[in-house]
Peer 1: 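Have a look at this one.
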There are 2 protein chains.
Amino acid sequence: MKPSVVTIEPNGHYCSDCAVRGAAVCSSLDAAELREFEHLGRRVHFESGETVFSEEDITTSFYNVLEGVMRLYKLLPDGRRQIVGFALPGDFLGMNISGRHNFSADAIGVVAVCQFAKGPFGRFIEDRPQLLKRINELAIRELSQARDHMVLLGRRSADEKVATFLLGWRDRLVALKGLSDIVPLPMSRQDIADYLGLTIETVSRTFTKLERHGVIEIIHGGISLLDPARAEAMAAA
Amino acid sequence: MKPSVVTIEPNGHYCSDCAVRGAAVCSSLDAAELREFEHLGRRVHFESGETVFSEEDITTSFYNVLEGVMRLYKLLPDGRRQIVGFALPGDFLGMNISGRHNFSADAIGVVAVCQFAKGPFGRFIEDRPQLLKRINELAIRELSQARDHMVLLGRRSADEKVATFLLGWRDRLVALKGLSDIVPLPMSRQDIADYLGLTIETVSRTFTKLERHGVIEIIHGGISLLDPARAEAMAAA
DNA sequence: ACCCAAATTTGATCTGAGTCAATTGGCTTT
DNA sequence: AAAGCCAATTGACTCAGATCAAATTTGGGT
């Protein structure tokens with residue numbers, strides 16, 4: 001989107017003080033392996049709106065999200081967009097079998113990733129089955145989420161979609177940062193619409209409706225979940 | 001759905017004469033491994049409409065489809081159904097991390113599978129990174145397909161959905177059985193509707209419309225693709 | 001604090017796909 | 001070959017969400 005202004009940190013950075021050390025692919029490595037692994041990854045920053053990689057690009061790197069939020073999306077030739085997911089710290093991106101990315105990814109706000117060159121990373125995996133096993137687990141978990149999202153896109157009403165999204169997003173943030181009913185929404189209404197298979201107007205109207213009914217309060221940069229139980233009821237159908 | 005009438009073949013069956021030996025998970029095994037692998041799997045048949053496993057069931061087995069077609073689906077509490085995919089020979093089913101299936105699967109027409117008990121299969125994988133790598137590849141390929149399907153469900157019109165489905169289904173059959181513009185559709189209109197996020201009426205009307213425009217001919221048990229180029233144009237948007 | 005541009009909300013209207021309701025067509029059973 | 005049954009088609013009408021069109025709010029830069 002914008003010209004890519006990538007900053008590579010000049011000074012040392014170590015897995016041992018990495019925020020996502022326990023969560024990401026790294027969790028399958030022991031201390032010695034982690035030290036070796038350290039040399040493979042580079043910490044890279046992206047500014048808000050910058051594209052990390054694009055669909056159909058040849059895959060040269062894998063990415064471990066460290067900080068921030070990314071939108072993952074596919075475009076139709078005529079410009080229609082479907083967001084296939086939002087990536088948060090701990091998520092691992094770039095796996096594919098065609099040698100090309102099958103979706104685009106860009107930063108929502110400032111993002112930091114741990115970037116691994118494909119070749120060295122592939123070689124590192126080669127004789128470490130537990131790492132492969134871990135990556136496999138991540139893929140299978142994503143597959144399960146993808147299927148849940150298919151149900152949402154194919155069979156849920158606008159109200160159900162929005163309620164489901166809000167609760168699911170809250171749960172991810174809770175898992176990451178601890179419990180709170182204040183739910184930051186760093187992505188735009190358009191992003192939410194493209195994630196839920198709706199228009200921006202429908203998302204906006206549904207937010208307003210939920211607020212009128214006392215389920216949420218729309219606040220600066222997010223929402224406050226006033227009545228989680230009622231939101232659950234709306235989401236479940 | 002129906003009472004489960006599972007027939008376990010009494011006599012020997014060997015990987016060496018298995019129809020999907022080269023295609024499925026097995027393709028990563030050498031001759032010696034294949035002989036060992038043989039004892040892990042049992043060939044099991046299912047009648048039309050029988051359920052192979054249900055969502056939320058504890059996973060006790062993995063399955064390699066040998067013959068026939070299966071519908072893979074999720075249900076909402078109120079009965080709405082989303083078909084998340086159709087399984088064909090060579091597809092491998094049952095992977096998950098929760099220990100429970102995350103979708104249901106039943107036979108469309110007669111189906112034969114190679115069934116593996118979870119424990120022994122897991123142990124067999126343990127010291128065979130190739131096999132794990134193969135399974136990982138299958139998961140990543142499915143993930144890519146799942147994302148394509150999200151785009152279809154969230155952002156395509158009814159016409160585009162049906163055209164995309166017909167072409168995609170044809171391509172899978174071509175890969176399996178060779179080129180032909182006769183496309184058998186063993187699944188019902190309801191199945192197609194639940195796969196595409198439409199109603200049965202809309203699917204039916206769209207078929208009729210495609211036929212009126214000379215793109216397809218509706219024949220017994222399937223369609224004949226008269227004008228693939230035009231179908232591609234409709235699918236692409 | 002002020003200005004501009006972009007994002008969001010709100011309103012009015014339209015329409016693609018859903019719903020409801022018959023028919024039609026194919027099989028199976030007798 | 002008539003009856004019964006289920007899947008598929010067709011038609012008439014409705015409606016949830018899209019589209020079109022303004023406001024209104026927000027945010028960033030100076």
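The sequence lines fix the lettering, A, B, ..., with proteins before strands; numbering per chain opens at 1. Just so you know, these numbers use all the heavy atoms, side chains as well, and skip hydrogens, waters and symmetry mates.
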Peer 1: Do the side chains of R80(A) and E160(B) get close enough for a salt bridge, i.e. N-O under 4.0 angstrom?
Peer 2: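 A salt bridge links R80(A) with E160(B).
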Peer 1: Here's one to test your reading of the geometry: is the NZ or CZ of R189(A) within 45 degrees of the ring axis of F207(A) and under 6.0 Å from its centre?
Peer 2: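 Relative to the ring axis of F207(A), which defines the angle, R189(A) lies inside both limits.
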Peer 1: Measure CZ/R189(A) against C1'/dG17(D) and give the value in whole Å, please.
Peer 2: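 Rounding to the nearest Å, CZ of R189(A) and C1' of dG17(D) are 18 Å apart.
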Peer 1: Counting the atoms with a prime plus P, OP1 and OP2 as sugar-phosphate, which does G197(A) contact under 4.0 Å by heavy atoms, base, sugar-phosphate, or nothing?
Peer 2: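 The answer is sugar-phosphate, as G197(A) gets under 4.0 Å only of primed atoms, P, OP1 or OP2.
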Peer 1: Can you tell me how far C1' of dA16(D) sits from NZ of K209(A), to the nearest Å?
Peer 2: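 Rounding to the nearest Å, NZ of K209(A) and C1' of dA16(D) are 10 Å apart.
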Peer 1: Return the 5'-most residue of the pair H220(A), F207(B) with respect to DNA chain D, ranking by each residue's nearest nucleotide.
Peer 2: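 Counting from the 5' end, the first nearest nucleotide belongs to F207(B).
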Peer 1: Roughly, in whole Å, what's the span from CD in E160(B) to C1' in dA17(C)?
Peer 2: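 That distance rounds to 14 Å.
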Peer 1: Whether S204(B) contacts dT9(D) is assessed here as follows: a side-chain N or O lying under 4.0 Å from the phosphate OP1 or OP2. Is that the case?
Peer 2: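 Answer yes for this pair, as a side-chain N or O of S204(B) is under 4.0 Å from OP1 or OP2.
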Peer 1: Looking at the base of dG11(D), is there any donor atom on it, or on the side chain of R205(B), that sits under 3.5 Å from an acceptor on the other one?
Peer 2: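 Yes, a donor-acceptor pair under 3.5 Å.
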Peer 1: Can you work out whether S188(B) or R156(A) has the more 5'-proximal nearest nucleotide on DNA chain D?
Peer 2: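 Closest to the 5' end, via its nearest nucleotide, is S188(B).
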Peer 1: Grab the CD-C1' distance between Q190(A) and dA18(D) for me, whole Å please.
Peer 2: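 These atoms are roughly 13 Å apart.
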Peer 1: Tell me: CG of L185(B) to P of dA8(D), nearest whole Å?
Peer 2: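 L185(B) atom CG is separated from dA8(D) atom P by 10 Å.
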Peer 1: What is the separation between atom CD1 on I219(A) and atom P on dT26(D), rounded to the nearest whole Å?
Peer 2: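 So the CD1-P distance, I219(A) to dT26(D), works out to 13 Å.
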Peer 1: Can you measure R212(A) atom CZ to dT10(C) atom P for me and round it to whole angstrom units?
Peer 2: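 So the two atoms are 8 Å apart, to the nearest Å.
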Peer 1: Does any donor atom in the side chain of S104(B) or E55(B) lie under 3.5 Å from an acceptor atom in the other side chain?
Peer 2: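 There is no such pair between these side chains.
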Peer 1: When you measure from the side chain of E201(B), which nucleotide among dT10(C), dA17(C), dA21(C) comes out closest?
Peer 2: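 The answer is dA21(C), which lies nearest to the side chain.
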Peer 1: With a 4.0 Å cutoff (strictly under), does any side-chain N or O of T202(B) reach OP1 or OP2 of dG18(C)?
Peer 2: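 Checking T202(B) against dG18(C): at least one side-chain N or O falls below 4.0 Å of OP1 or OP2.
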Peer 1: Looking only at side-chain N and O atoms, does T208(B) come under 4.0 Å of OP1 or OP2 in dT10(D)?
Peer 2: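 So the side chain of T208(B) is within the cut-off, an N or O lying under 4.0 Å from OP1 or OP2 of dT10(D).
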Peer 1: Grab the CD1-C1' distance between I216(B) and dA8(D) for me, whole Å please.
Peer 2: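 My rounded result for the distance is 13 Å.
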Peer 1: Assign each of R155(A) and V203(A) to its nearest nucleotide of DNA chain C by heavy atoms, then name whichever residue's nucleotide is nearer the 5' end.
Peer 2: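 Nearest-nucleotide comparison on DNA chain C picks V203(A).
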Peer 1: In terms of side-chain heavy atoms, does T202(B) have a donor or acceptor partner in T199(B) at a distance below 3.5 Å?
Peer 2: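 T199(B) and T202(B) do have a side-chain donor-acceptor pair below 3.5 Å.
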Peer 1: Under the 6.0 Å and 45° cation-pi test, does R81(A) pair with Y73(A)?
Peer 2: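 Judged by the rule (NZ or CZ under 6.0 Å from the ring centre, within 45° of its axis), R81(A) counts as positioned above Y73(A).
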Peer 1: From the set dA8(D), dA18(D), dT19(C), return the single nucleotide nearest to any side-chain atom of T199(B).
Peer 2: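 From the listed options, dT19(C) comes nearest.
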